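Below, all heavy atoms of this structure are taken into account, side chains as well, without hydrogens, waters or symmetry copies. Computed from a predicted model, the values in this text were never measured in an experiment.
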Amino acid sequence: MADMRAFREAVDDWASGGTGEAARELAVHLDVRTAVLLEGPSDHAAVEALAERRGRDLAAEGVCVVAMGGAMSVARYTGLLGPPGLGLRLTGLSDEREQPFYDRALERAGAPRQGFFVCVADLEDELIRALGTTRIEDVLRAEGDFRSWQTFVRQPAQRGRSRQRQLRRFLGTTKGRKIRYGRLLVEALDPEQVPAPLDDLLASL
């Protein structure tokens with residue numbers, strides 16, 4: 001049975017130069033109504049983790065969460081999934097510095113800006129600030145990464161950097177770590193700690 005993962009793969013193939021036929025067929029078959037555009041897989045993991053915490057089944061609601069592979073791809077994905085393509089409602093997150101790319105892409109696609117929420121640096125930074133470094137170190141300890149973290153912060157390149165910047169860098173040093181912690185940091189949040197952009201995105205779906 002076709003699922004939302006198959007639709008995402010078909011969309012990625014379309015964005016890479018495919019015909020889009022499979023994406024169009026699956027969009028109808030799965031009754032896809034909304035696409036959540038995110039820069040990367042760690043953002044995807046965080047959004048789905050929060051949805052699960054709140055008892056939401058986004059796929060069953062016709063919502064597809066798409067990791068575009070970077071902000072530079074937003075024009076391509078808004079064109080394929082928005083009014084010029086499948087005609088889906090578009091939502092998502094953007095980093096503050098990348099917001100102009102989103103604004104231009106949405107305007108070109110004839111899609112409204114409403115439903116897109118801005119993170120000051122990125123979603124990872126929002127989560128780190130929401131939890132605080134002490135709580136995140138507790139998560140690192142529980143996951144068996146605390147010793148690696150201690151070694152990392154002693155490196156000469158990390159001297160003089162804030163704990164927040166060190167954490168952002170550390171989470172990106174090993175393949176797959178950033179994605180794993182995208183979920184883990186969301187799971188560690190108290191309900192009132194959810195960063196506003198992420199909270200507002202889920203509320204808009």
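In the displayed structure, Q158 atom CD is contacted under 6.0 Å by more than 12 heavy atoms of other residues, nucleotides or ligands. Around the CZ atom of R169, the shell of radius 6.0 Å holds no more than 12 heavy atoms that belong to other residues, nucleotides or ligands. In the displayed structure, E143 atom CD is contacted under 6.0 Å by more than 12 heavy atoms of other residues, nucleotides or ligands.
Remark: of the listed residues D125, L140, L131, L140 is the sole one forming a side chain to side chain contact (heavy atoms under 4.5 Å, CB included) with L167.
Looking at R89, its side chain never comes within 3.5 Å of a backbone N or O of A35 through a donor-acceptor pair. Looking at S162, its side chain does come within 3.5 Å of a backbone N or O of R165 through a donor-acceptor pair. In this structure, E126 contributes its side chain and V120 its backbone to a donor-acceptor pair below 3.5 Å. In this structure, the side chain of Q193 engages the main chain of D190 through a donor-acceptor pair within 3.5 Å. In this structure, the side chain of D57 engages the main chain of A60 through a donor-acceptor pair within 3.5 Å. Judged by distance alone, with hydrogens and angles left aside, the side-chain atoms of R53 form a donor-acceptor pair with the main-chain N or O of V186 at under 3.5 Å.
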query = E25 and H29: side-chain hydrogen bond (donor to acceptor under 3.5 Å, both in side chains), yes or no, with the steps?
reply = CA-CA 6 Å; E25 291 178 355; H29 180 71; over 6 Å; no
message = Would R113 and E107 count as a salt bridge (Lys or Arg N to Asp or Glu O under 4.0 Å) here? Give the steps.
response = CA-CA 8 Å; R113 186 69 177 75; E107 183 178 4; over 6 Å; no
key: Worked check of side chain to side chain contact (heavy atoms under 4.5 Å, CB included) between D95 and D122   = CA-CA 5 Å; D95 302 345; D122 53 25; 3.5 Å; yes
key: Intermediate values then yes/no, side chain to side chain contact (heavy atoms under 4.5 Å, CB included), F116 and S94   = CA-CA 7 Å; F116 281 81; S94 69; 5.5 Å; no
message = side chain to side chain contact (heavy atoms under 4.5 Å, CB included), that's the test. Do L127 and L189 meet it? Break it down for me.
response = CA-CA 8 Å; L127 292 170; L189 290 167; 3.8 Å; yes
request  = Check the pair D13 / T19 against side chain to side chain contact (heavy atoms under 4.5 Å, CB included), numbers first and verdict last.
outcome  = CA-CA 8 Å; D13 178 72; T19 65; 5.9 Å; no
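Rounding to the nearest 0.5 Å gives a distance of 14.0 Å between NZ of K175 and CZ of R177. Rounded to the nearest 0.5 angstrom, E9 CD and D3 CG are separated by 8.0 Å. Atoms CG and CD1, on L184 and I179 in that order, are 12.0 Å from each other to the nearest 0.5 Å. Interatomic distance, R168 CZ to R129 CZ, rounded to the nearest 0.5 Å: 9.5 Å. For the atom pair CH2 (W14) and CG (L80), the distance works out to 5.0 Å, reported to the nearest 0.5 Å. D12 CG to M68 CE: the interatomic distance, rounded to the nearest 0.5 Å, is 11.0 Å.
The shortest side-chain heavy-atom distance between V139 and Y181 falls under the 4.5 Å cut-off. A 4.5 Å side-chain heavy-atom check between T78 and L90 finds at least one atom pair inside the cut-off. With contacts defined as side-chain heavy-atom distances shorter than 4.5 Å, the pair S148/T173 does not qualify. Counting heavy atoms from C-beta outward, E96 and C119 have side chains that stay 4.5 Å or more apart.
Residues V66 and L205 fall into different hydrophobic clusters, defined by Ile, Leu, Val, Met, Phe, Trp and Tyr side chains chained together at heavy-atom separations under 4.5 Å. Put simply, L37 and L123 are part of two different groups of oily side chains (I, L, V, M, F, W, Y) that touch within less than 4.5 Å, one to the next. With hydrophobic clusters built from ILVMFWY side chains whose heavy atoms lie under 4.5 angstrom apart, L50 shares a cluster with L38. Both I136 and L198 are part of a single hydrophobic cluster, where members link through side-chain heavy atoms under 4.5 Å apart. No continuous path of ILVMFWY side-chain contacts below 4.5 Å connects F117 to L106, so the two sit in separate hydrophobic clusters.
Salt-bridge check for R33 with D31: passed, with a basic side-chain N closer than 4.0 Å to an acidic carboxylate O. Ion pair R183/E187 flagged as a salt bridge, since at least one NZ, NE, NH1 or NH2 atom sits closer than 4.0 Å to an Asp/Glu carboxylate oxygen. With respect to the salt-bridge test (charged N to carboxylate O, under 4.0 angstrom), the residues D145 and R180 qualify.
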